[in-house]
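Lettering follows sequence order; numbering is per chain, from 1.
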Amino acid sequence: MQNNDIRRHTIAILVDNEAGVLARVIGLFSGRGYNIESLTVAEVDPREQLSRITIVTSGTMMIIEQIKAQLSRLVPVHKVSDLTLDGPSVSRELALVKVAATGEKRVESLRIADIFRARAVDSTNESFVFEIVGATDKLDAFIRLMEPLGLVDVSRTGVVAIARGPKSL
Amino acid sequence: MTQETMNGAEIVLKALQDQGVEVIFGYPGGAVLPLYDEIFKQNRLRHILVRHEQAALHAAEGYARSTGKVGVVLVTSGPGATNAVTGLLDAMCDSVPIVCLTGQVPTHLIGNDAFQEADTTGITRPCTKHNYLVKDVESLSRVVHEAFYVARTGRPGPVVIDLPKDVLVTRAPYVGSADAAHKSYRPRVKGDASAIEAALTLIAGAKRPIFYTGGGVINSGVKACKLLTQFVHTTGYPCTQTLMGLGGFPGSDPQSLGMVGMHGTYESNMAMHGCDVMICIGARFDDRVTGRLNAFAPHAKKIHIDIDPSSINKNVAVDIAVVGDVGNVLEDMIAGWKARSLRPDAAALKSWWTQIERWRARDCLRFAATDKIIKPQYAIKRLYELTKGRDTYITTEVGQHQMWAAQFFKFEEPFRWMTSGGLGTMGYGLPSAMGVQLAHPDALVIDIAGEASIQMNIQEMSTIAQYRLPVKIFILNNQYMGMVRQWQELLHGGRYSESYCAALPDFVKLAEAYGAVGLKADKPSELDDVINEMIAVDRPVIVDCRVDQAENCFPMIPSGAAHNEMLLGPEDEAEKPISEDGMVLV
């Protein structure tokens, strides 16, 4: 508890898919001054009407514990899991990256995309839209490399994550 | 076979009755007319018409906190709902179970900026434990029952149900309360056995222990308060209470050190500072209690028992946490203490008590009484002494009078002390006293007030008159917002910016205007007679008690200071200037 290092944590939250539930979660973060680095949400169990929210946040251990306790206290929240602490997990993010370029820069962007295993999902004579999937830092690196080559637009999903192994949340 | 159906308003009334609701505090308006129509047609539920929606909430809080039941409120859409917000947050901060029904414009108009439309669930989300917008009458009875379950379960709190007008007039079958449990909300009530074991070992090994008990003990119920008393007696350890915890442990018990915190007793705060084991039960290490955090109980191992996991390690990191209902955990602790035949360290405890008695001997609540002018402390002291034998319920407003009431009244039982602790809402006391009086028609209910606070909900004198509630309003009138003036004296060079109460009404005439009795005390020699008359009159009374304008509330931990840096009286003020860090704190 005395650890005052600020660390990044990925938190998965299972909630009732009802009106206002996302506002409750976001309001909790803004109202208490916690930080949201990324947030994704979608329904994952249509029969039980459950949605899964993945939040990447950062703070000291005491703050992270508070965030989890505050989330657990919300009435429509079923489960809260700290994927950073509770054993190994995989996390992925998807980005669509638009590069407008011609000539050598255009060829170079395609070459780098190939190295990163990004796919071109749209192409015109003067642009590409690449789809890239991976860990956050891989996407960051790809986008950085695209910058001098004519990067014009980025759209990212934010992180989704899941624990490794057979157990469910 | 077709099921029998009712309209939404009938469903709400039926659900309230099935929940055992007897009193509902409210104010009508366009969006809730169908509900008022149903109230008109029945006589099982009593509706108390307040004069402002904020007062409905505080009245329901007074009702809830003096009975342990859920308080129920009904207000209309738009301004009705927004006026309720302060009361909702007050109930949230002090963990009071409330169900507040708000009217809403019909579902097809929601989002259209309709007349008296407000985004009530949006506005009240951060100041309720949970809230609902009922868009479908089929779910209405489930939602009402669920709201009561959520309000009273775990750490209690306010729940809002927003009811669009069309839902109130549409028909659906009624579902009884047994079929309506919440699908996932199950707060933990039983404490972890190994944590309790570890806590007991620490408690038994303590050399300088202290129990630090809060409102959670009272919220857990009468049985929990008895168990706390039993455990404190078994151990022989000292026990201090927070503002919210007063009455959870008998105030005149020799093991009680009185209140802890900013205006708590010297012995409580010094014992908190010097203890080696702190047993926090149903309290939350609030900033009014801890003072400067990095100097808070520096030598103590800390045990925290609380039903709300988010209270653990929020402000202060603790060594052992037990999440569970206080009553449940105390029961297990007492059983474990007996089973393991634990004994306190008698020699260490003796010298600890010797030290505490030395602190106690400083007599931190002393004040210089005169026969010329009424000292506010003297007025509260006499009020306590003259009401001692009775079953008295005290509510307060917020400020100096509140702290003096907390210092000088000794509560032997829970549910007798209603004050706005967390939010510090001026105007709480009068409507709260109405709620208390309705729940306890024959009891002596006194709102200890200041002349500034009382004016914040003074319109409720009309409610008091309508329902013939014999509430006593005891105003310590120093013609200042006393606590503001005190801070301006201590922190802002005595520049009393806007804290003087000009153009005060004549409170005696004001009482008479509302059909109540007005009394006035100017001199100490008049005080006892006035208090006795106030008690004897079987009608509402306002006492205008004129007190020393310059008196400050001591002892005091200045903001940004530690427990062992208390100011004991005015003579301490000059010596210890408040740090700049302290000035930014509230």
Taking atom [atom1] as the centre, does [X] end up with more than 12 heavy-atom neighbours from other residues, nucleotides or ligands that are less than 6.0 angstrom away?
X      : atom1 : value
B/D113 : CG    : no
A/R8   : CZ    : no
A/K138 : NZ    : yes
B/K302 : NZ    : yes
A/I162 : CD1   : no

For a side chain to side chain contact (heavy atoms under 4.5 Å, CB included) check, start with the C-alpha distance between A/R24 and B/H130, then their side-chain angles and the critical distance, and finish with the verdict. CA-CA 9 Å; A/R24 275 179 223 286; B/H130 194 49; 3.5 Å; yes
Could you pull out every donor-acceptor pair under 3.5 Å between side chains of residues 147-158 of chain A and any protein atom, sequence neighbours left out?
from: A/R156; atom 1: NE; to: A/E93; atom 2: OE2; distance (Å): 3.0
from: A/R156; atom 1: NH1; to: A/D140; atom 2: OD1; distance (Å): 2.8
from: A/R156; atom 1: NH2; to: A/E93; atom 2: OE1; distance (Å): 3.3
from: A/R156; atom 1: NH2; to: A/D140; atom 2: OD1; distance (Å): 3.0
from: A/T157; atom 1: OG1; to: A/L94; atom 2: N; distance (Å): 3.1
from: A/T157; atom 1: OG1; to: A/L94; atom 2: O; distance (Å): 3.3

If you compare all heavy atoms of B/H182 against all heavy atoms of A/V75, which two are closest, and at what distance to 0.1 Å? NE2-CG1, 3.4 Å
I need the minimum non-hydrogen distance between B/K183 and A/D16, along with the two atoms involved. CE-OD1, 3.2 Å
In terms of heavy-atom proximity below 4.5 Å to chain A, should [X] be classed as side chain, backbone, both, or neither?
X      : answer
B/L133 : neither
B/D119 : neither
B/D308 : side chain

Counting only N and O atoms by type, is there a donor-acceptor contact under 3.5 Å from the side chain of A/Q66 to the main-chain atoms of B/S310? yes
What distance separates A/M61 CE from B/N313 CG, expressed to the nearest 0.5 Å? 10.5 Å
If you count heavy-atom pairs within less than 4.5 Å of chain B, which of A/K68, A/H78, A/E18 leads? A/H78
Set out, in order, the CA-CA distance, both residues' side-chain angles and the distance that settles side chain to side chain contact (heavy atoms under 4.5 Å, CB included) for B/R155 and A/R73, then state yes or no. CA-CA 10 Å; B/R155 181 175 177 176; A/R73 184 160 101 115; 3.7 Å; yes
As an exercise: rank B/R125, B/K129, B/K135 by heavy-atom pairs under 4.5 Å with chain A and give me the winner. B/R125
